[in-house]
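Following: one structure in structure tokens, then a few remarks.
So that the names make sense, note that chain A is the first sequence line, chain B the second, and so on, each numbered from 1. Values in this document were obtained by computation on a predicted structure and should not be read as measured data.
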Amino acid sequence: MPQEENPQEPERIPFFQRVLENPFLLLFLGVVVPTVFYILWGIMEIATIPVAQ
Amino acid sequence: MARFRVCPDSGFYFDKSAESLMKVNAVAAAVSLLVAGIMALGVILTRWQEVHLLPADLFYQALTLHGINALIFWIIFFEIAIMYFAASTLLRSRLAAPKWAWAGFVLMIIGAVMNNVAVFQGRSSVMMTSYAPMQAEPHFYLGLILFAVGALIGCFVFLGTLVIAKDEKTYEGSIPLVTFGALTACIIAVFTIACGAIILIPTFLWSIGYINHIDAAMYRLVWWGLGHSSQQINVAAHVSVWYLIAGVLFGARPMSEKVSRSAFLLYILFLQLASAHHILVDPGISSEWKVFNTSYAMYLAVLASMIHGLTVPGSVEVAQRAKGLTKGMFEWLRKAPWDNPVFSGFFLSLIIFGFIGGITGVVMGTEQINLIIHNTIYVPAHFHATVAVGTTLAFMALTYLLIPVLFRRALFLPWVAKMQPYVFSAGMTLMILFMLGAGTLGVSRRHWDMDFTGALLSFEYPGTAYVMMAVAGIGGVLAVLGGVMYLVVTVGSLVFGKKLDESAGFLQSFGLPLPAGTYNISRADPVPMAPRLAVEEHGSAGFEAPGTFVLAMALLVCFVVYYFINWDYLSSVWPLS
Amino acid sequence: MTSFLPPSERIWWKVPIGRQELVWIGIALVWCLIMFFMMPYWHLYGKQNLSNEAYQTTPASFQAKVDDMIKQYQVGEEAGMPVVRPPAGSDIYMLGRLWQWYPILELEKDKSYRLHLSSMDWNHGFSLQPVNINLQIIPGYEMVLTVTPDQIGDYAVVCNEYCGIGHHTMLGKIYVKEI
């Protein structure tokens, strides 16, 4: 294990911490999630309302 | 090139261009609040049926101005200032692209003025929501679009500053929690502004005749991506402000970085879905969509708010106990600096946001319960608890903190400042509680006359509804007084406040930099990591913040009881299916 | 002083969470799930739900349906507006326009009706008082819901979506009678 051999080398940063330290990944997620679930799904709902007889 | 000054009282670093931008954005915010506050007085004195101040046309005009200035211009100008503070000052970084930041600011000013002019001219009294096919004048929409573009530039300046700070290693480790909260606000703002562009640009083209039809249901759906998410920017921003104030006043540290940051991540992912709260009784949208979106994907964003509700006061309690205020459950709170408006504003904002704003918001955002609440005056009551107390009061508290630090002025009339959070929140709370009551009795929001003067048919609200609206009126007037006190203190401080720095003159209060010699640091030392705790506290058997836990459980009990009361009320109305 | 300083640990993700926070997160999560499942529960067992049945329509075609109902079932007139008593169980129509809810409906207690609602012009808010049932009425869309008035009385339909200067004069009526 390199980190035990060499205490100088920084410990590997856990996956979730790396996610939280990546502003542009967060920006991507924060725009895509509501766009898909709220906007796109909502537009599909409205667009598929049948026409009255 | 020397670019930073360090505030001798607080130790905060200010980049020269970021400092000016923070000042001008904060001043523009205060001006918006002034317009919003004047209009608020007209609105509340008209809704108080015995006073019924304004005629119908002026009432709707005032209400439109109040809504847009308070909910859009005041908060977003202030949030831009907060973002620059969180990125530049807290990370000791130069601001990215100051020229772009100024261009954004100028666009925001032009947009805000243009929009206000449109409404003042009298033919755009369409409310903040401007539901198509009701049409405003083209410059009403154009103003909002320009403002949004300017704000978007501000968001990218903030993100750019994060990149610069990381590249130039102006801090050690990860960005501070407060900056992370500001990043959350920024991300929500980008989504908000994108929705605004998607809906307002076609609406603008429609108003000048290039497009002949805007679908009314689509408009509502996408507009609320703007209208509601803009208020979620506030939630992220004011939670960050709470953490900041707790840190500055008490040296509070987050109870757990992992928990607080994960809670912000839940905001980033799910908070915007709550735009669906406005669409719950619209025709034709499935219950699956409504249930999923209105609950922020199984209430995960509510979970996040409940977490912050524990960790913010919890961090204060831990810090206070470390100073020896350990007697009983609440000595830490009793002996808090209640006469410091920074603290009282912060804590009242937290309590009222959680107990009133949070609970009512979740209750009325429940798919079926919305049937008995939609578009009643219960709705503005709720969002006054969240935005007018939660966000606005938190921003007011932050202003008191920043006047000496950023503007280098002592507070003007400190005794007024001391009373201001109490007057403002007492007035607001009174107004909110009685508007909630009136909404339960069916009183409509955005309605000039609860007597229905001139209608061919008739309907009378119960007498209690009139009493409630009158008490709400008294509360509203008191809240406006609190707003006046805030503006007297802030504007007074900027103009007459004692100069803490000889060169902090009149023009410097409104954005001019201090003399060049003041910015004598060309490269600041990197922001150090927070000192480690001397003792390992985790893993102990007891709770670190028992008083806060009791408060949180009290919140939960109120929440549960009130939630089921509303289901019971719903079960008594006509069966529908 | 740490909320606004970088975390004291470089790898803060691995710092254990205090017991108090864990307990609270657990309690809050359970409560969030209860609130979430209340909504589907009410769809199954509650009596107040929207069917979300709706159609795209036009003002003209919706107006024609309203006029048709009035022609068949009109029983009187009040304030210049027709009063209509459609048979129990039938499709009934009400339209919103600047500034009235049209026509006046007379319903039988404890009978179900399929109520169709639409707007001729702008958004309107169908707010049935004093029951306090509130629906958003959008032009171009016809909303259908089954209502079962369970108390006799004179009910007002207030418009609670701002619709211009005469918004406050926009009132309608639904009478519920024992027949």
* Structure fact -> Whatever's closer than 4.5 Å to a heavy atom in chain B on C:Leu115 counts as neither
* To do: Please confirm whether the backbone N or O of C:Pro6 pairs with a side-chain atom of B:Tyr171, one donor and one acceptor, at under 3.5 Å?
  => no
* Does any heavy atom of chain B fall under 4.5 Å from the side chain of C:Leu128, the backbone, both, or neither of them? -> side chain
* Could you go step by step and tell me if B:Glu544 and C:Arg19 meet the salt bridge (Lys or Arg N to Asp or Glu O under 4.0 Å) rule? -> CA-CA 8 Å; B:Glu544 299 164 285; C:Arg19 210 172 71 122; over 6 Å; no
* Asked: Side chain of B:Glu367, backbone of C:Met39: donor and acceptor closer than 3.5 Å?
  -> no
* Structure fact -> Under 4.5 Å to a heavy atom of chain B? For C:Val30 that would be neither
* Output the distance between atom CG (B:Leu457) and atom OG1 (C:Thr169), rounded to the nearest 0.5 Å. => 10.0 Å
* So, C:Glu161 and B:Arg446, do they make that salt bridge, N to O below 4.0 Å? -> yes
* Structure fact -> Separation between CZ (B:Phe292) and CZ (C:Phe36), nearest 0.5 Å, reads 8.0 Å
* Asked: In Å, rounded to the nearest 0.5 Å, how long is the span from OG of B:Ser444 to OH of C:Tyr162?
  -> 12.5 Å
* Asked: Hey, what's the ring geometry for C:Phe4 with B:Phe12, parallel, tilted or perpendicular (30° and 60° as the breaks)?
  -> tilted
* Asked: Does a side-chain heavy-atom distance below 4.5 Å link C:Asn134 with B:Asn375?
  -> no
* Checking heavy atoms, do the side chain of C:Ile133, its backbone, both or neither come under 4.5 Å from chain B? -> both
* Answer with side chain, backbone, both or neither: which region of C:Gln56 has an atom nearer than 4.5 Å to a non-hydrogen atom of chain B? => neither
* To do: Say whether C:Tyr141 and B:Asp215, considering side chains only, have a donor N or O and an acceptor N or O under 3.5 Å apart.
  => yes
* To do: Please state whether the side chain, the backbone, both or neither of C:Met38 comes within less than 4.5 Å of a heavy atom of chain B.
  => both
* Using the ring of each side chain (for Trp, its six-membered ring), is C:His167 parallel, tilted or perpendicular to B:Tyr60, with breaks at 30° and 60°? -> tilted
* Check whether C:Trp31 gets within reach of chain B through its side chain, its backbone, both or neither, counting any heavy atom under 4.5 Å. => side chain
* CG on C:Leu5 to OG1 on B:Thr179, rounded to 0.5 Å -> 9.5 Å
* To do: Check the pair B:Trp574, C:Tyr155 against ring-ring contact (aromatic ring centres under 6.0 Å, His included), reporting the backbone distance first and the verdict last.
  => CA-CA 12 Å; B:Trp574 289 8; C:Tyr155 295 93; 5.0 Å; yes
* Asked: Looking at side-chain heavy atoms only, is the closest gap between B:Gln368 and C:Gln48 below 4.5 Å?
  -> no
* Asked: Any idea how B:Trp567 and C:Trp42 line up, ring-wise: parallel (<30°), tilted (30 to 60°), or perpendicular (>60°)?
  -> tilted
